[in-house]
**Student:** 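I'd like to ask you about the structure that follows.
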2 protein chains.
Amino acid sequence: MSFPKDPSFRNDLRQRGYRLTPQRERILRYFAEIPVGTHLSAEELYQRLLEEEKISLATAYRTLKLLASMGLLRELDFAEGHKHYELNTNQESPHQHIICTSCGLTIEFLGGKLFETGQQIARKYEFEIIDVQFKIFGLCPACQPPPKKR
Amino acid sequence: MSFPKDPSFRNDLRQRGYRLTPQRERILRYFAEIPVGTHLSAEELYQRLLEEEKISLATAYRTLKLLASMGLLRELDFAEGHKHYELNTNQESPHQHIICTSCGLTIEFLGGKLFETGQQIARKYEFEIIDVQFKIFGLCPACQPPPKKR
DNA sequence: GTGCTTGCAAATGCTTTGCAGGGTG
DNA sequence: CACCCTGCAAAGCATTTGCAAGCAC
């Protein structure tokens with residue numbers, strides 16, 4: 001995709017009655033410029049954008065949510081208390097995650113046929129699919145055996 | 001499993017240096033008594049237990065987290081802003097969920113070979129597996145097409 | 001010009017934590 | 001009888017929201 005002039009992005013916004021603002025363009029472009037699979041929290045995004053020109057944290061939250069609802073971003077929840085977002089590349093098999101519940105380490109791996117499996121199930125229940133997430137929670141090598149207390 | 005005298009529960013606690021308290025027993029037993037797959041938030045659990053004898057909300061949160069870390073409960077996150085918990089039946093193929101991001105409807109379905117797939121991946125990365133979660137986010141029939149605004 | 005958006009700050013909502021008293025092992 | 005737990009209330013965080021001003025269309 002080419003940002004910020006990606007036509008589909010503009011059309012997507014218009015078709016839903018939303019406006020193309022510098023902030024929205026900026027945020028989507030930022031995700032397109034960083035390595036694929038980089039996932040950021042609203043706060044992290046806000047901090048990184050501060051270096052150039054400021055976008056309020058509230059707008060960051062609003063925009064992330066909007067872009068995710070449009071399917072342009074993937075909203076990820078690693079059960080850490082805050083959400084993460086990454087560019088949704090719309091590929092047939094998005095990568096998935098294995099997360100260490102002790103130290104928070106997350107590793108991504110290729111989804112293989114998982115997305116296809118999800119599509120079949122979604123079809124069965126007549127859902128219009130937005131995202132398929134396969135998550136493995138566990139303890140990474142460094143965190144085994146688990147500490148007695150946390 | 002038989003509660004509240006399930007020996008493995010008691011042993012699990014002891015082995016980790018935790019104590020067997022009426023509150024912990026009560027909460028785990030409650031999950032064992034309700035239909036399989038019923039998932040409750042801390043607040044919901046708290047409300048339901050109020051009818052009998054009160055357990056503080058703080059204890060509910062602490063206990064849910066503890067039991068989940070022990071693998072007795074599954075911690076579920078449907079990206080709604082609060083976590084849900086359900087009894088972990090330790091079966092080879094736990095059920096999974098399809099969630100409507102618009103109205104919150106969640107339907108569970110059998111995991112099939114998804115858990116096995118997760119195990120293979122966990123082995124590859126040398127993770128000690130705690131849970132495998134496959135989630136499909138989408139719009140249920142009633143919520144299609146999406147409203148222009150929320 | 002209309003009305004969606006932004007920024008700011010206050011508010012909200014879920015979850016965690018400090019502390020003193022209580023109960024388990 | 002040491003130390004883990006609980007209950008309570010206060011604190012902590014991520015996220016949302018009210019409102020006035022700004023900007024896209």
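In what follows, chains carry the letters A, B, and so on, assigned in the order in which the sequence lines appear, proteins first and then strands, with residues in each chain numbered from 1. These numbers come from a predicted model, not from an experiment.
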**Student:** Distance-only, no hydrogens or angles: does the A:Q144 side chain make a donor-acceptor pair with backbone N or O of A:L139 under 3.5 Å?
**Tutor:**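 Checking the backbone N and O of A:L139 against the side chain of A:Q144, a donor-acceptor pair under 3.5 Å is found.
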**Student:** Please report, rounded to the nearest Å, how far the P atom of C:dC14 is from the CD atom of A:E80.
**Tutor:**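 Rounded to whole Å, this separation is 20 Å.
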**Student:** What is the distance from CD of B:E25 to P of C:dT24, rounded to the nearest Å?
**Tutor:**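 These atoms are roughly 10 Å apart.
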**Student:** Which nucleotide wins on minimum distance to the side chain of B:S56, given the candidates D:dA14, D:dG7, C:dC14?
**Tutor:**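 Selected nucleotide: D:dG7.
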**Student:** Given that A:T59 and B:H82 both sit by DNA chain C, which one's nearest nucleotide is further toward the 5' end?
**Tutor:**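 The residue whose closest nucleotide sits nearer the 5' end is A:T59.
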**Student:** Is the distance from OP1 or OP2 of C:dT24 to the nearest side-chain N or O of B:T21 less than 4.0 Å?
**Tutor:**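 So the side-chain polar atoms of B:T21 never come under 4.0 Å of the phosphate oxygens OP1 or OP2 of C:dT24.
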**Student:** Report the nucleotide, chosen from C:dT5, D:dT16, C:dG23, that has the shortest atom-to-atom distance to any side-chain atom of A:R19.
**Tutor:**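 Nearest listed nucleotide: C:dT5.
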**Student:** Side chains of B:H95 and B:E86: donor-acceptor distance under 3.5 Å anywhere?
**Tutor:**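 Judged by distance alone, the side chains do pair up.
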**Student:** Indicate if A:F115 and B:F109 have the same hydrophobic cluster label, given that clusters are the connected sets of ILVMFWY residues with side-chain heavy-atom separations under 4.5 angstrom.
**Tutor:**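 Yes, same cluster.
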**Student:** Rounded to whole Å, please give me the gap between CG in A:L20 and C1' in C:dT6.
**Tutor:**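 After rounding, the reported distance stands at 14 Å.
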**Student:** In whole angstroms, how far is the C1' atom of D:dA9 from the CG atom of B:L57?
**Tutor:**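 Interatomic distance, CG of B:L57 to C1' of D:dA9: 12 Å.
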**Student:** Rounded to whole angstroms, how far apart are CD on B:Q15 and P on C:dG25?
**Tutor:**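 One finds 15 Å between P of C:dG25 and CD of B:Q15, rounded.
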**Student:** Compare the minimum distances between each of D:dA24, D:dT15, C:dT15 and the side chain of A:A42, then state the nucleotide with the smallest one.
**Tutor:**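 The closest nucleotide is D:dT15.
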**Student:** So, does A:R24 get its side chain near the phosphate of C:dT6, meaning an N or O under 4.0 Å from OP1 or OP2?
**Tutor:**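 Looking at the OP1 and OP2 atoms of C:dT6, one of them is under 4.0 Å from a side-chain N or O of A:R24.
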**Student:** Rounded to whole Å, how long is the line connecting atom CG of B:L40 with atom P of C:dT15?
**Tutor:**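 Taking CG of B:L40 and P of C:dT15, I get 13 Å after rounding.
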**Student:** Tell me which nucleotide among C:dT6, C:dC14, D:dT15 gets nearest to the side chain of A:K83.
**Tutor:**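 Output: D:dT15.
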**Student:** Could you give the CD-to-P distance, from B:E43 to C:dT15, as a whole number of Å?
**Tutor:**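 So the two atoms are 9 Å apart, to the nearest Å.
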**Student:** Establish, with yes or no, whether the OP1 or OP2 oxygen of D:dT16 is under 4.0 angstrom from a side-chain nitrogen or oxygen of A:Y61.
**Tutor:**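 Answer no for this pair, as no side-chain N or O of A:Y61 is under 4.0 Å from OP1 or OP2.
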**Student:** Can you tell me how far NZ of B:K83 sits from NZ of B:K65, rounded to the nearest 0.5 angstrom?
**Tutor:**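 Spacing of NZ (B:K65) from NZ (B:K83) equals 7.0 Å.
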**Student:** Can you label the angle between the A:H39 ring and the A:H84 ring as parallel, tilted or perpendicular, going by 30° and 60°?
**Tutor:**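 The rings of A:H39 and A:H84 lie parallel, inter-plane angle below 30°.
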**Student:** Which one, C:dT5, D:dT6, C:dG7, comes nearest to the side chain of B:R62?
**Tutor:**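 Comparing C:dT5, D:dT6, C:dG7 against the side chain of B:R62, the answer is D:dT6.
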**Student:** For D:dC23 and A:Q23 - does any side-chain N or O of the residue sit under 4.0 Å from the phosphate oxygens OP1/OP2?
**Tutor:**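 No.
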**Student:** Rounded to the Å, how far apart are B:R10 CZ and C:dT24 P?
**Tutor:**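 Spelled out: CZ on B:R10 to P on C:dT24 is 12 Å.
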**Student:** Looking at B:K65, I'd like to know whether one of its side-chain N or O atoms comes within less than 4.0 Å of OP1 or OP2 on C:dT16.
**Tutor:**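 So the side-chain polar atoms of B:K65 do come within 4.0 Å of the phosphate oxygens OP1 or OP2 of C:dT16, strictly under.
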